[in-house]
Student: 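Dumping the structure here so I can ask a few things about it.
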2 protein chains.
Amino acid sequence: MRQLCMPQGLSPDELPKLEALICSARPVRRGEALYRSGDAFDNLYAVRSGSLKTTMAHRDGREQVTGLRLAGEALGLDGISDDKHACSATALEDSTVCIVPYVALKRLCREVGSMQERLHKLMGEQIVREAAQMMVLGSLSADERVAAFLLDVSERNAQRGYSSAEFNLRMTREDMGSYLGTTLETVSRTLSRFQKRGLIDTQGKFIRIVDLEGLRAV
Amino acid sequence: MRQLCMPQGLSPDELPKLEALICSARPVRRGEALYRSGDAFDNLYAVRSGSLKTTMAHRDGREQVTGLRLAGEALGLDGISDDKHACSATALEDSTVCIVPYVALKRLCREVGSMQERLHKLMGEQIVREAAQMMVLGSLSADERVAAFLLDVSERNAQRGYSSAEFNLRMTREDMGSYLGTTLETVSRTLSRFQKRGLIDTQGKFIRIVDLEGLRAV
DNA sequence: CGGCAAGTTGATGTTTGTCAAGTGGGGTGG
DNA sequence: CCACCCCACTTGACAAACATCAACTTGCCG
């Protein structure tokens, strides 16, 4: 039940309607693109297992990671505005996603108020999350950015019933740097320093938060 | 007609329905807050005249400008996810906004497909715009950020039928710096340098773009 | 188990932030 | 309507944070 796509906040009688909508699941292998910038937009997705990153490219070719999606989170909203995707979505590990056809979802939202509510909140959440990330990029120091990122992932893990204290971050240091508007070296150094200060415990992609309050205070 | 709130892309027979929805307009004076972070979310807004900035505050008090809204643009979507606003909206000059009650709009969206489509696109556009701004903040140099900002405002002016070549930017240098993740001094220096290079012509808040291609090439 | 991508760490350079001083313009009150 | 005052803006000198370049190590994937 926890694993269900686009979950949370639907009353029991509406679940079947949503389930009928989800035609299929799709596996996406590590490094593979679920969709690319410019692709036609037909579906929203929910991460069923694994994790993906979203990236956006500047015209000169520079790419930036604009988001990280963990299991249970929604994906693909960047396609709604223009009928084609503005971002690319790439699997960070072998993953599976549920496919939610957008036209059908729209129809359902017109029939069922709580579905409409749910979709609106989903979009609203992404708007707020991105605004918060703009804050991170615009106002925080490198240390603060890394700390904020770890706390964000930790909290999202907790929300989905996983451990908030330790997790595998499948992004590379370069991905993290890109997402945080800094370089892979700075991320690496910062994590090392956090470890020396006893805030975290890192072993490559595995991260354990040792001193939560300390991290918050960075 | 151009001035109508939440315009563009509605068929003639739907306009009256939307107009019935817009209960009222509201003046907001320069420096006054239309809403503040934490305020209950009841309405969306459309800027009828003037301009506003949206800001978000970190817990330690640091504030960052997260958006600029010009006449014709929508405002308030940051409240949908949590039933209270995540950002504050402050008028940059004496302005007026149209008030669109959200509950009523939701109902209308369930009745009229094109209204639903319009609202979705509005939210989708903001998602994409914010992602693009994350790119700006994360990947571009100070010069590139300022250039990108000027081009963005120019383009938005053009879209709404105003001059893309010259405009009054009612933000202060500090607001611009905050929005661009830099300082007011850097913004000021950059604008001066652009002027010396013959890219723009600035006189305080008035800006004229002299060499569009040059700006794009920064 | 071998090879290569990812990660770590150090030395150095550049961009941008910070502090400071001075100028200018617009709004308010006389 | 004018003048004053304050806030915004400009510009310079200096400092710090972070990027860049480089060499080396680790560990993961095939």
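These numbers were taken from a predicted model, which means no experiment stands behind them. Per chain, numbering begins at 1; letters A, B, ... match sequence-line order.
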Student: May I ask you to check whether B:Ser37 and B:Ser88 show a side-chain donor-acceptor distance below 3.5 Å?
Tutor: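 B:Ser37 vs B:Ser88: no donor-acceptor pair found between side chains.
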Student: Can you label the angle between the A:His85 ring and the A:Phe41 ring as parallel, tilted or perpendicular, going by 30° and 60°?
Tutor: perpendicular
Student: Does the side chain of A:Val218 come within less than 4.5 Å of A:Arg197's, by heavy atoms?
Tutor: yes
Student: Atom CG of A:Asp143 to atom P of D:dA17: distance rounded to whole Å?
Tutor: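 It works out to 10 Å between those atoms.
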Student: Identify the heavy atoms of B:Ala74 and B:Arg69 that sit nearest to each other, and give their distance.
Tutor: O-NH1, 2.9 Å
Student: Take the protein atom CZ of A:Arg62 and the nucleotide atom P of D:dA19, then report the distance between them rounded to whole Å.
Tutor: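 Roughly 14 Å, once rounded to whole Å.
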Student: Would you mind reporting whether B:Tyr179 and B:Leu68 have side-chain heavy atoms less than 4.5 Å apart?
Tutor: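 They are not in contact (no side-chain heavy atoms under 4.5 Å apart), so the answer is no.
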Student: Do A:Leu184 and A:Thr172 touch side chain to side chain, with heavy atoms closer than 4.5 Å?
Tutor: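 No, side chains not in contact.
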Student: Below 4.0 angstrom from OP1 or OP2 of C:dT9, is there any side-chain N or O of A:Ser192?
Tutor: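 Result: yes.
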Student: Hey, are A:Ser141 and A:Glu144 close enough side-chain-wise for a donor-acceptor pair under 3.5 Å?
Tutor: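 Indeed, the side chains of A:Glu144 and A:Ser141 share at least one donor-acceptor pair under 3.5 Å.
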Student: In this structure, how many angstroms lie between the P atom of C:dG26 and the CD atom of B:Glu93, rounded?
Tutor: 14 Å
Student: Does B:Leu191 reach a base, just sugar-phosphate, or nothing at all? Heavy atoms under 4.0 Å.
Tutor: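 Nothing, no heavy atom under 4.0 Å.
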Student: Can you check nucleotides 17-20 of chain C for protein contacts, nitrogen or oxygen pairs under 3.5 Å, and list what you find?
Tutor:
from   : atom 1 : to       : atom 2 : distance (Å)
C:dG17 : OP1    : B:Thr182 : OG1    : 3.1
C:dG17 : OP2    : B:Thr182 : OG1    : 2.7
C:dG17 : OP2    : B:Thr183 : OG1    : 3.3
C:dG17 : OP2    : B:Thr186 : OG1    : 2.4
C:dT18 : O4     : B:Arg189 : NH2    : 2.8
C:dC19 : N4     : B:Glu185 : OE2    : 3.2

Student: In whole angstrom, give the distance that lies between atom CG of A:Asp175 and atom P of C:dA6.
Tutor: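 It works out to 9 Å between those atoms.
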Student: Quick check: on DNA chain C, is the nucleotide nearest B:Ser141 upstream (toward 5') of the one nearest A:Leu184, or the reverse? Name the residue that is more 5'.
Tutor: A:Leu184
Student: If you only use heavy atoms from C-beta on, which nucleotide in C:dT8, C:dG7, D:dT10 is closest to the side chain of A:Thr172?
Tutor: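 Closest of the options to the side chain of A:Thr172: C:dG7.
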Student: In whole angstrom, give the distance that lies between atom CZ of A:Phe194 and atom P of C:dT8.
Tutor: 13 Å
Student: Going by an N to O cut-off under 4.0 Å, is there a salt bridge joining A:Glu93 and A:Arg30?
Tutor: no
Student: So, do B:Val28 and B:Tyr45 sit near enough that their side-chain heavy atoms are less than 4.5 Å apart?
Tutor: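 In short, these two side chains do not touch, never coming nearer than 4.5 Å.
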Student: Please give, in whole Å, the distance from D:dC9 C1' to B:Phe206 CZ?
Tutor: 18 Å
Student: Without decimals, in angstroms, what is the distance between A:Glu174 CD and D:dA19 C1'?
Tutor: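 For the pair A:Glu174 CD and D:dA19 C1', the rounded distance is 14 Å.
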Student: Each nucleotide in nucleotides 23-30 of chain D should get exactly one letter: B, S or -. Can you fill that in based on protein heavy atoms under 4.0 Å?
Tutor: --------
Student: Could you state the CD-C1' distance from B:Glu144 to C:dT15, rounded to the nearest angstrom?
Tutor: 12 Å
